[in-house]
Asks: 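This is the structure I want to talk about, given as structure tokens.
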Amino acid sequence: MQEYIYIYGINPVVESLLNPTMKVNKLYLLDQSKNNDYYLKLTQDRHLKVAFCSSDKMTTLVKTNKHQNLVLEILKPQNYSLETLTQEALQKKHPFLLVLDQISDPHNFGAILRTCDMFNVDGVIILDKRQVDINATVAKTSAGAFNYVPVSRVNNLTNAVEYLKKQGFWIYATSLTTDAQKVHELKYDTPVCLIVGNEGTGISHKLLKHSDFNLYIPTTGHLDSLNVSVASAILIYQIKMLQ
């Protein structure tokens, strides 16, 4: 059964309209808006349906008034099989996959997808439950990056990690344990799988036991942890620079 979601905001909507692979159902525009001409041109190029409505109607659709008078109904982005995601990544010079262990905040997920797109991470693996999925808030926070970063939803992350190991990936997990190593002190000359964990509980012990290396970001301030989306951005950048 096809599942549609609403996205909102100028950047996510325009990126989706410009992306020929994105399956769009309908664009909602504000009645009598002076800014409609550009968006109408984009819809005409793709022969898309347009509905004119009030700002309040858009707020009802996306459950926020921060829609910037632009709402798009799209088919939920496809789910890549783990096998497809892995094999496509292995065609790249420096394969890099990211595993998210039960990220619950859509703003964090969206920000992580944005980083993945900016630094060419080959794909993201998440649970098909107990994990925030792509929704309007994720799409908005990602600034349209959700269009470009393949996502694979699996029912068991441990099994997924074991599969990746058999395909030649080395597993790096974020951790604050005493055996963790500084991110810049490790080598990343093999296919890389980085695991980051839940905002409150981190990575599950079961997943940590299946990692090849535990790593952390050395800091000098008073706090002992970073927001997960910030930490992910630093780790991805650092690993990419060392590959």
Asks: Is the backbone of Asn147 close enough, under 3.5 Å, to the side chain of Glu15 for a donor and an acceptor to pair up by distance?
Replies: no
Asks: Taking atom types as modelled and ignoring hydrogens, do the side chains of Thr59 and Asn65 form a donor-acceptor contact shorter than 3.5 angstrom?
Replies: no
Asks: Between Pro77 and Phe146, is any pair of side-chain heavy atoms under 4.5 Å apart?
Replies: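 They are in side-chain contact.
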Asks: Under 3.5 Å, side chain of Glu73 to main-chain N/O of Ile5, donor-acceptor pair present?
Replies: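 Pair absent, no side-chain N/O of Glu73 close to backbone of Ile5.
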Asks: Is any side-chain heavy atom of Met58 closer than 4.5 Å to a side-chain heavy atom of Tyr8?
Replies: no
Asks: Between Phe119 and Phe96, is the ring centroid distance below 6.0 Å?
Replies: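 Not close enough - the centres of the two rings lie 6.0 Å or further apart.
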Asks: What distance do Thr84 atom OG1 and Gln78 atom CD have between them, rounded to the nearest 0.5 Å?
Replies: 8.5 Å
Asks: Would you say Asp189 and Gln243 are linked by a side-chain donor-acceptor pair, where the criterion is simply a distance under 3.5 Å?
Replies: no
Asks: Tell me the closest heavy-atom pair linking Gln68 and Gly9, and the distance in Å.
Replies: OE1-CA, 3.1 Å
Asks: Are any side-chain N or O atoms of Thr219 and backbone N or O atoms of Gly221, one a donor and one an acceptor, separated by less than 3.5 Å?
Replies: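 Such a contact is absent between Thr219 side chain and Gly221 backbone.
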Asks: When you compare the side chain of Leu30 with that of Phe52, does any pair of heavy atoms fall below 4.5 Å?
Replies: no
Asks: Testing the basics here: between Leu85 and Gly123, what is the closest heavy-atom pair and its distance to 0.1 Å?
Replies: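 Closest heavy-atom pair between Leu85 and Gly123: CD1-CA, 3.9 Å.
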Asks: Quick check against the 3.5 Å criterion: does Asn214 have a side-chain atom that pairs as donor or acceptor with the backbone of Asp179?
Replies: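 No, because the side chain of Asn214 does not come within donor-acceptor range (under 3.5 Å) of the backbone of Asp179.
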Asks: Examine distances only and state if a side-chain atom of Asn198 and a backbone atom of Gln102 form a donor-acceptor pair shorter than 3.5 Å.
Replies: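 Confirmed, Asn198 side chain pairs with Gln102 backbone.
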Asks: Is any side-chain heavy atom of Tyr163 closer than 4.5 Å to a side-chain heavy atom of Thr86?
Replies: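 Contact flag for Tyr163/Thr86 side chains = yes.
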Asks: Just wondering, do Leu40 and Val50 contact through their side chains at under 4.5 Å, heavy atoms?
Replies: yes
Asks: Identify the two heavy atoms, one from Asn79 and one from Val151, that lie closest to each other, and give their separation to 0.1 Å.
Replies: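 Closest heavy-atom pair between Asn79 and Val151: OD1-O, 3.4 Å.
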Asks: Count I, L, V, M, F, W, Y as connected when their side-chain heavy atoms are under 4.5 Å apart, and connections chain through other members. Are Leu127 and Val99 then in the same cluster?
Replies: yes
Asks: With side-chain contact (heavy atoms from CB on, under 4.5 Å) as the test, would you mind laying out the steps for Asn69 and Leu29 before giving the verdict?
Replies: CA-CA 6 Å; Asn69 298 325; Leu29 290 174; over 6 Å; no
Asks: Go through the steps for Leu90 and Gln167 under the test side-chain contact (heavy atoms from CB on, under 4.5 Å), then give the verdict.
Replies: CA-CA 9 Å; Leu90 288 171; Gln167 302 305 309; 4.3 Å; yes
Asks: Which heavy atom of Ala143 sits nearest to which heavy atom of Asn11, and what is that distance?
Replies: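 Looking at all heavy atoms of both residues, the closest pair is O-CB, 4.1 Å.
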Asks: Keeping the roles fixed (side chain from Ser54, backbone from Lys57), state whether a donor-acceptor pair exists under 3.5 Å.
Replies: yes
Asks: Taking Gln131 for the side chain and Ile103 for the main chain, is one N or O donor matched with an acceptor at less than 3.5 Å?
Replies: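 It does hold such a pair.
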Asks: Examine distances only and state if a side-chain atom of Thr141 and a backbone atom of Val138 form a donor-acceptor pair shorter than 3.5 Å.
Replies: no
Asks: For Asp45, give me all partners under salt bridge (Lys or Arg N to Asp or Glu O under 4.0 Å), at least two apart in sequence or on another chain.
Replies: Lys41
Asks: Locate the shortest heavy-atom distance separating Arg46 from Leu17; write the atom from each residue and the value.
Replies: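 Looking at all heavy atoms of both residues, the shortest contact is NH1-O, 3.1 Å.
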Asks: Quick one: do Leu72 and Ile134 end up in the same hydrophobic cluster if we chain Ile, Leu, Val, Met, Phe, Trp and Tyr together by side-chain heavy atoms under 4.5 Å apart?
Replies: yes
Asks: Please list all pairs meeting salt bridge (Lys or Arg N to Asp or Glu O under 4.0 Å) that have one or both residues in residues 109-129, counting only residues at least two apart or in different chains.
Replies: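 As it turns out, the salt bridge (Lys or Arg N to Asp or Glu O under 4.0 Å) pairs with a partner in residues 109-129, which skip direct neighbours, are Lys92-Asp122.
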Asks: Can you tell me how far apart CG (Leu82) and CG (Leu157) are? Round to the nearest 0.5 Å.
Replies: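 Going from CG on Leu82 over to CG on Leu157, the span is 10.0 Å.
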Asks: Quick check: do Leu207 and Val161 have side-chain heavy atoms less than 4.5 Å from each other?
Replies: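 Yes, side chains in contact.
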Asks: Which distance, rounded to the nearest 0.5 Å, do you find between the OG1 of Thr43 and the OH of Tyr38?
Replies: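 Going from OG1 on Thr43 over to OH on Tyr38, the span is 11.5 Å.
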Asks: Looking at CD of Glu199 and CG of Asp105, how far apart are the two atoms once the value is rounded to the nearest 0.5 Å?
Replies: 5.5 Å
Asks: Between Tyr216 and Ser175, what is the shortest heavy-atom contact and its length?
Replies: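 Looks like CB-O, 3.3 Å.
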Asks: Are Leu113 and Tyr148 side-chain neighbours, meaning at least one heavy-atom pair lies under 4.5 Å?
Replies: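 With C-beta onward as the side chain, the pair stays apart.
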Asks: Using 0.5 Å steps for rounding, measure from the OG atom of Ser16 to the CG atom of Leu75.
Replies: 11.5 Å
Asks: Does some side-chain heavy atom of Tyr4 sit less than 4.5 Å from a side-chain heavy atom of Lys26?
Replies: no
Asks: So does Lys206 have more than 12 non-hydrogen atoms from other groups sitting under 6.0 Å from NZ?
Replies: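 Result for NZ/Lys206: open.
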Asks: Between Lys165 and His210 (side chain of the first, backbone of the second, donor and acceptor by atom type, cut-off under 3.5 Å), is there such a pair?
Replies: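 Here the side-chain-to-backbone pair exists.
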Asks: Take Leu27 and Leu70 through the test side-chain contact (heavy atoms from CB on, under 4.5 Å) and record every step on the way to the result.
Replies: CA-CA 8 Å; Leu27 174 65; Leu70 209 58; 4.2 Å; yes
Asks: Please report the interatomic distance CG(Leu194) to CG(Leu97), rounded to the nearest 0.5 Å.
Replies: 10.5 Å
Asks: Judged by atom type as modelled, is there a donor-acceptor pair below 3.5 Å linking the side chain of Ser229 to the main-chain atoms of Ala111?
Replies: no
